[in-house]
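See below for the structure under consideration.
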Amino acid sequence: FSPSGFKTKDEFEACITDVGNSGLRAEDLITGRMRPACRDHIGKIPIQLAAYSGTALAFRDRLIIDWNKTQQRQTFDDQKRIYYLSLEFLMGRTLDNAMLNVGLKKVAKEGLDDLGFRIEDVINQEHDAALGNGGLGRLAACFLDSLASLNYPAWGYGLRYRYGIFKQDIENGYQVEIPDYWLDFNPWEFARHDVTVDVQFYGWVNKHTDDDGKQVVSWQDGELVTAVAYDVPIPGYGTSTVNNLRLWSSKASSGEFDFSKFNSGDYESAVADQQRAETISAVLYPNDNLERGKELRLKQQYFWCAASLHDIVRRFKKTQRKWSEFPDQVAIQLNDTHPTLAIVELQRILIDKEGLEWDVAWGIVTKTFGYTNHTVLPEALEKWSVPLFQNLLPRHLQIIYDINLFFLQGVERRFPKDREMLGRVSIIEESQPKMVRMAYLAIVGSHKVNGVAELHSDLIKTTIFKDFVKIYGPDKFTNVTNGITPRRWLHQANPRLSELIASKLGGYDFLKDLTLLNKLEPFVDDKDFKKEWAEIKYANKVRLAQHILKTTGVSVNPKALFDVQVKRIHEYKRQQLNIFGVIRRYLTIKALKPEERKKVLPRVSIFGGKAAPGYWMAKTIIHLINKVGEVVNNDPDVGDLLKVIFIEDYNVSKAEIITPASDISEHISTAGTEASGTSNMKFVLNGGLIIGTLDGANIEITREIGEQNVFLFGNLSEDVEDLRHNHFYGESHVDPELAKVFDTIKAGTFGDEGAFSALIAAIAEHGDYYLVSDDFHSYCSTQDLIDESYKNQDEWLSKSILSVARMGFFTSDRCINEYADSIWNIEPLQVKDEDEVRART
Ligand code: GPW
């Protein structure tokens, strides 16, 4: 061991540890002072990690300066701020994004190169911040990126889970969940031990009249848990704005009511209290589009809402304004119903603590909040049992009852003849036990309610919230179609495509104004351009093929058509339809004579996604995909013509590899069930075509890019209800092609047929709720059409280029501007040094 520059091994290792732990030598890595030692150790994991932490800490230093300036500027300017409350922020990795936004990625690359590191390897050292389940959490992350990039004064508020979404292993074809402890080394958060809030639970409500004859209500006793703030800088692209994401962590309160336990020697129970407190922010609930009514989840929700509201109110009070100005200074957006308690908490603060009259307070509350709905699936609509509420949050339950009373009185006055209306719209469901309907509470407490794609926003108005449209009129309900950030989902994930586009558009302005992509249209007939376009897609497929080989041991041909479906596993998203289609393809190939097989277009079917640990049917679907893969991938009759791959542990950083490598991706939910979908946008933006139903944002994507560039199939949402009805009351039969697939599974071709019987029965015997059989034929013929189209590569490329050129609408920048205009009523803050920063990037 003789690294030049260091006298002993110990000295060298101490230096590396230094970089890893403290950041003192962060700049050394960039400037190359450690060069000789590092060179000798290329490829060793600790040093790669050291290089990562060194680089991260160097960029972090830059961010902190802009972050402080931004916060000072926003405080000084004292404009209206938007607070985005989300129980999930699926951020993925930060370093690459920080480098891009600070604008010194090239410098870092050269510095690391000099030291003998590849920047990609360094970036890959980072653990994903996976504080979310899927689309809802990733949307929140894209929104933060856009808010900062557009210079909006904005804060995100969430929970700092010790464990994010679990890591998924596949063992013998089954999903196994491994805890995701991600906080080992996280240079992107700053513990703010000076920023804490005590949050109260349980206890009882004391109502009495004070000396002036005024009724005073106070919530007493119970237990206190302390929320500690952890701040994460959110840099914008091409601007010096760095906004703040504040995540709360729970710990035992120092002002514990049960302090006496320590004194009385009840040490064990005091420790148990501490653990109970820390449990609140311990783990992200791994359910997507499903609510299970667990007490700990309600505790999480209140803990986070109370801490955030306290923080927001504290900031407002510093300005010494009148309460009536609160809605001019503060907009709060509720990411689904998870933060609905914030409505009740603000009302409680205003009436119980600040002494405002009910009506005055309620006027302020409703002007402040906006609510975004992300689903119509009944199992995902939150309801909390009244007894649970009564125990955990007794004062909040009273306030909810009062909100409901005044609301229903108003409804009764307006619709005196419709007695049934009251029961239908009541915030309290008269069931056994009674339930609090959180979506109704969110509507009543907000001034705007929005869906996330046109069809979805129409559906909520005509189905689940129909009565509320009658009550409030249609203007309270609006649409803001989702978007994605082109910085991460084009530039970072697909740097070569971004570079090619920039070369034709004369720079990277399209990353700030995505509609500029339409300037690509004239190149659709440019031979050289098309060739480069195709080469980039191929290179991205090679990269994915390497990842697949490394992680699954299966070798796939990058010349084959890559067919991708990556998202949470859910019956409504219909991965079962896809895998049944794959089995049909397998049977078709098997039935061909060897010379006929030569004409078959090779295809790789790629799946990825997590199932909620308790969602048995979703786990069965994963199992089937893996078992089909085992058989198909090893069948010599099939060879390269068909491969079936399940990519383990799908997450944001894997999405960045998978998305640019797809030829066709699948967005095949039962019409009317997928509120928007956002991966559809990511795939098209990366030059992949899509097969999809007329659902969610697929519809608007089709409108933008043209019907001839999308492969649509299946029943329409307006026909779904009748079809379901017929399954139960009419004559139902399984599509004959699908029946053959079922026979093959039942014959044990993919192992123990019993393992899949429930999956088949759901379709063949139990009403086929998701219309798999109804759509099967249409799905398969559309897949056949895709094979034919792909054979004409020139035309395929034209479709790909035209689609990208027309995707400008789907940037989250457009989406955030719409929220700002139509819901939040906020303006961006002018940033003077923007040009300078833009020049750097
Ligand atoms: F059920 N979405 C999600 F509405 O990822 F809360 N998780 C969820 O728990 C819910 C919705 C919830 C998704 C929608 O399924 C998807 O269609 C949409 O694109 C995304 O939220 C962002 O709006």
Side-chain angles (χ1 to χ4, degrees), residues 84-90 130-144 146 165 284-293 297 300-301 333-340 370-383 438-439 442 449-457 459-460 464-465 479-485 489 566-575 609-612 615 618 650-652 655 666-683 690 692-701 717 770 810 812 815-816 818-819:
Y84 197 77
L85 267 56
S86 178
L87 211 39
E88 303 188 9
F89 286 96
L90 194 46
L131 306 186
N133 277 287
L136 173 131
R138 183 54 233 177
L139 185 77
C142 285
F143 280 7
L144 292 182
S146 285
I165 188 67
L284 164 81
Y285 273 89
N287 302 324
D288 182 271
N289 273 288
L290 178 71
E291 280 301 330
R292 303 219 299 177
R297 167 88 166 181
Q300 288 188 332
Q301 295 186 347
Q333 191 64 27
L334 306 175
N335 198 20
D336 215 82
T337 52
H338 318 146
T340 303
Y371 155 52
T372 306
N373 171 280
H374 296 264
T375 188
V376 295
L377 299 186
E379 66 271 29
L381 297 178
E382 282 188 298
K383 286 178 190 175
M438 300 306 269
V449 178
N450 77 285
V452 290
E454 266 177 26
L455 172 71
H456 169 67
S457 298
L459 281 175
I460 61 177
I464 53 174
F465 302 149
N479 170 247
V480 184
T481 299
N482 281 166
I484 55 169
T485 167
W489 295 113
V566 285
K567 48 184 91 229
R568 287 299 290 250
I569 312 291
H570 210 299
E571 284 166 285
Y572 88 81
K573 294 179 191 280
R574 296 202 296 190
Q575 283 91 354
K610 292 171 188 178
Y615 190 173
Y650 176 62
N651 60 13
V652 172
E666 311 228 3
H667 309 277
I668 59 176
S669 48
T670 311
T673 62
E674 189 71 277
S676 162
T678 43
S679 76
N680 41 8
M681 304 167 189
K682 293 165 197 168
F683 282 105
I690 58 175
T693 43
L694 283 138
D695 199 15
N698 292 353
I699 296 173
E700 287 151 87
I701 293 175
S717 79
Y770 296 102
F810 298 99
S812 43
C815 183
I816 284 300
E818 281 183 22
Y819 276 99

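Remember, it's 1-based here, ligands and their atoms both numbered in the order they're listed. Treat the numbers as computed from the prediction; the structure is a model and nothing was measured. Numbers for residues simply follow the sequence, beginning at 1.
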Roughly how far, to the nearest 0.5 Å, is the OG atom of Ser717 from the CG atom of Leu459?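 One finds 5.0 Å between CG of Leu459 and OG of Ser717.
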To the closest 0.5 Å, what do you measure between CD (Glu379) and OH (Tyr572)?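 Interatomic distance, Glu379 CD to Tyr572 OH, rounded to 0.5 Å: 9.0 Å.
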Counting heavy atoms only, which of Leu136, Asn289, Ile484 comes nearest to atom 5 (O) of ligand 1?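 Considering heavy atoms of Leu136, Asn289, Ile484, the nearest to atom 5 (O) of ligand 1 sits in Leu136.
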Ligand 1 N/O within reach of [X] N/O, cut-off under 3.5 Å:
| X | answer |
| --- | --- |
| Gly134 | no |
| Asn482 | yes |
| Gly135 | yes |
| Ser676 | yes |

Lys567 and side chain to side chain donor-acceptor pair (under 3.5 Å): which single residue from Glu666, His667, Gln575 fits? His667
Of His374, Gln301, Glu382, which is the lone residue that meets side chain to side chain donor-acceptor pair (under 3.5 Å) with Thr337? Glu382
Pairing of Glu291 and Lys383 as salt bridge, 4.0 angstrom limit: no
Distance to 0.1 Å, residue and atom name: give those for the protein heavy atom nearest to atom 16 (C) of ligand 1.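 Heavy-atom neighbour on the protein nearest atom 16 (C) of ligand 1: Glu674 OE1, 3.4 Å.
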Can you tell me the protein heavy atom closest to atom 19 (O) of ligand 1 and the distance?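 Nearest protein contact, heavy atoms only, for atom 19 (O) of ligand 1 is Gly677 N, 2.8 Å.
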Ligand 1 versus [X]: contacting region, heavy-atom distance under 4.0 Å:
| X | result |
| --- | --- |
| His338 | side chain |
| Leu290 | neither |
| Tyr285 | neither |
| Thr375 | both |

Write down the atom of Asn133, the atom of Ile165, and the distance for their closest heavy-atom approach.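 Closest approach of Asn133 to Ile165: OD1-CD1, 3.3 Å.
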May I ask you to list the atoms of ligand 1 that are less than 4.0 angstrom from any heavy atom of Val452?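 Counting from 1, the qualifying ligand atoms are 23 (O).
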Identify, by atom number and element, the atoms of ligand 1 in contact range of Ala675, meaning under 4.0 Å from any of its heavy atoms. 17 (O)
Between Asp695 and Ser669, is any side-chain donor less than 3.5 angstrom from a side-chain acceptor?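 There is such a pair (donor and acceptor under 3.5 Å, judged by atom type) between the side chains of Asp695 and Ser669.
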Verify whether one side chain among Tyr819 and Asn450 offers a donor that lies under 3.5 Å from an acceptor in the other. yes
Does Phe143 reach the side chain of Asn335, with side-chain heavy atoms less than 4.5 Å apart?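 No. Closest side-chain heavy atoms not under 4.5 Å.
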